[in-house]
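Right, one structure below, let's go through it.
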Number of protein chains: 2
Amino acid sequence: MGRKSLKEPRQKEIIKAFYKIVKKEGLENASIQKIAESIQINPSLIMHYFRSREHLVYGLVEFILDRWLHIFDVKDAEDPMDELRAVLDNVFSKKWNSLFDDGTSYSLYSLAFRNKTIRQRYKHLLDTLRQRLAEMIAACNKTKQLTVKDPAAAADIIFVLVDGAYYYLSLVDDKAEYDLRLAVYKQHALKVLN
Amino acid sequence: MGRKSLKEPRQKEIIKAFYKIVKKEGLENASIQKIAESIQINPSLIMHYFRSREHLVYGLVEFILDRWLHIFDVKDAEDPMDELRAVLDNVFSKKWNSLFDDGTSYSLYSLAFRNKTIRQRYKHLLDTLRQRLAEMIAACNKTKQLTVKDPAAAADIIFVLVDGAYYYLSLVDDKAEYDLRLAVYKQHALKVLN
DNA sequence: AAATATATTGAATGAACGTTCAATATATTT
DNA sequence: AAATATATTGAACGTTCATTCAATATATTT
């Protein structure tokens with residue numbers, strides 16, 4: 001009995017508004033009041049759906065971490081090598097920048113060092129990413145299209161390259177230089193597979 | 001005439017206190033008042049030496065960025081190869097963790113995406129690091145101890161590996177696993193030089 | 001229509017924030 | 001000792017913050 005719960009859609013709406021403000025003004029300047037104002041609701045409503053600002057941040061972390069998994073969103077192909085190539089294309093491409101705001105990413109990541117919950121979430125995600133890539137490499141081994149001795153180690157190095165690549169690239173303004181470097185880093189990642 | 005300026009030592013003292021609080025409580029929770037309290041001075045004194053909190057943050061950025069250059073602090077050797085090895089030892093070693101607090105590093109880095117001054121400082125530093133490493137590699141080429149075709153590209157990749165390595169490693173709690181992975185990443189960096 | 005669970009508002013709280021300004025203290029020079 | 005530049009304090013400012021609580025509104029069920 002009683003009114004239907006709007007919890008899920010409202011929470012998502014609030015988190016998206018939160019994210020928008022974090023992108024523009026930074027995590028430390030994204031206040032409950034600003035979020036409420038931006039979607040024209042009462043600040044108390046945010047406290048109603050998230051118990052505290054801390055939990056709101058948890059929501060944003062979940063929202064961002066879920067996006068990482070989108071790099072595995074590729075067409076199902078019969079050839080596992082095609083799928084692997086598509087994933088690497090996703091990782092070393094502009095899709096990245098459309099998925100992630102760099103400032104937000106590093107802000108949230110920095111929280112992992114003072115907050116156990118966030119730390120565990122991040123660790124789990126990074127491990128999941130590596131594991132899924134390793135499985136794809138192993139699948140290519142099975143079809144003899146690749147002969148990678150240690151798929152897990154290879155996947156690990158590739159993600160190290162990815163993380164390191166974007167750390168520097170996020171400061172590169174020149175588009176041509178950006179593309180060139182990204183291509184070089186991708187080449188290096190591919191070399192790991194041979 | 002008049003009293004001698006204490007500007008430099010006082011500023012450094014304040015920045016160090018700032019850093020200490022940032023490490024423990026996070027950049028967003030490190031307030032002027034807390035800093036002042038921790039070294040038992042008046043908050044106004046901090047405003048006297050830094051015009052605003054913004055400038056205080058700039059000071060911390062400089063402080064942290066300067067530390068990076070310490071990875072090149074190695075014994076002068078006649079053999080350039082020895083020096084290069086020593087630098088790589090520094091980069092892939094525990095020295096890293098004594099120099100940098102990960103949470104602070106990523107917090108400050110995230111500011112680069114909303115603040116042009118900080119962005120330029122970071123870009124300049126990362127380029128300087130790469131350039132200096134490239135010079136060391138070139139020196140080894142000259143003595144025929146190395147035959148790296150493109151020292152700049154090699155230095156770039158090595159730092160990509162470093163940045164990416166610590167991104168993941170900073171979440172690894174198990175000491176043995178940490179050491180093992182670090183060794184693997186170092187091996188990969190060395191491979192770039194052959 | 002009465003009951004009820006959830007949605008939403010609005011006012012109020014106290015705490016903490018960065019910043020200001022004038023006043024005082026302390027060195028150093030003339 | 002007078003002059004002066006810098007160091008340091010202390011009080012006060014208005015603003016913004018997260019959070020609380022009670023009150024009201026709106027669906028949905030019985």
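Just so we're on the same page: letters track the sequence lines, and every chain starts at 1.
- For S52(B) and E54(B), the side-chain atoms include no donor-acceptor pair closer than 3.5 Å.
- Across all strands, Y49(A) comes closer than 4.0 Å only to sugar-phosphate atoms, never to a base (heavy-atom distances).
- L6(A) comes within contact range of the sugar-phosphate backbone alone, with a heavy-atom separation under 4.0 Å but no base atom that close.
- R10(B) forms no cation-pi arrangement with Y49(B), by the criterion of a distance under 6.0 Å to the ring centre and an angle within 45° of the ring axis.
- Formation of a donor-acceptor pair under 3.5 Å by the R130(A) side chain with backbone atoms of A152(A) is not found in this model.
- Heavy-atom minimum distance, F100(A) versus S105(A): CB-OG, 3.9 Å.
- With rounding to whole Å, E37(A) atom CD is found 14 Å from dG10(C) atom P.
- The distance from atom CE of M47(B) to atom P of dT9(D) is 15 Å, rounded to the nearest whole Å.
- OP1 or OP2 of dT16(D) has not a single side-chain nitrogen or oxygen of Q33(A) nearer than 4.0 Å.
- Between the P atom of dG18(C) and the CG atom of L27(B) lies a distance of 11 Å, rounded to the nearest Å.
- Whole-Å rounding puts the R53(A) CZ to dA16(C) C1' distance at 15 Å.
- No more than 12 heavy atoms of other residues, nucleotides or ligands shown are found within 6.0 angstrom of NZ on K20(B).
- If you run ring pair (Phe, Tyr, Trp, His ring centres under 6.0 Å) between W68(B) and each of Y122(B), W96(B), F159(B), only W96(B) comes through.
- Following rounding to the nearest Å, I35(A) (CD1) and dT16(D) (C1') show an atom-to-atom distance of 14 Å.
- Between D173(A) and R119(B) there is a salt bridge, since a side-chain N of the basic residue sits under 4.0 Å from a carboxylate O of the acidic one.
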Would you give a per-nucleotide map of nucleotides 21-30 of chain C, 5' to 3', where B means the base has a protein non-hydrogen atom under 4.0 Å away, S means only the sugar-phosphate does, and - means neither? B----BBBBS
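- In this structure, CD1 of I32(A) is placed 16 Å from P of dT16(D), rounded to the nearest angstrom.
- The aromatic ring centres of Y19(B) and F63(B) sit less than 6.0 Å apart.
- Taking atom NE2 on H48(B) and atom C1' on dG10(D), their separation rounds to 16 Å, with Å as the unit.
- Aromatic ring centres of Y185(A) and H188(A) lie farther apart than the 6.0 Å criterion allows.
- With hydrogens and angles disregarded, a donor-acceptor distance shorter than 3.5 Å links the side chain of Y109(B) to the backbone of Y167(A).
- Remark: K24(A) NZ is loosely packed, at most 12 non-hydrogen atoms of other residues, nucleotides or ligands lying under 6.0 Å away.
- In this structure, the side chain of E83(A) engages the main chain of A77(A) through a donor-acceptor pair within 3.5 Å.
- The strand DNA chain D forms stems, runs of 3 or more Watson-Crick or G-U wobble pairs with distances below 3.5 Å, at C:1-30 with D:1-30.
- Of all the residues in residues 15-26 of chain A, not one reaches under 4.0 Å from DNA chain D with any non-hydrogen atom.
- When the nearest nucleotides of DNA chain D are assigned to S5(B) and I41(B) by heavy-atom distance, the more 5′-ward of the two goes with S5(B).
- Taking atom CD1 on I39(B) and atom C1' on dT8(D), their separation rounds to 12 Å, with Å as the unit.
- With dA18(D), dT8(D), dT8(C) as the choices, the nucleotide that has an atom nearest any side-chain atom of R10(B) turns out to be dT8(D).
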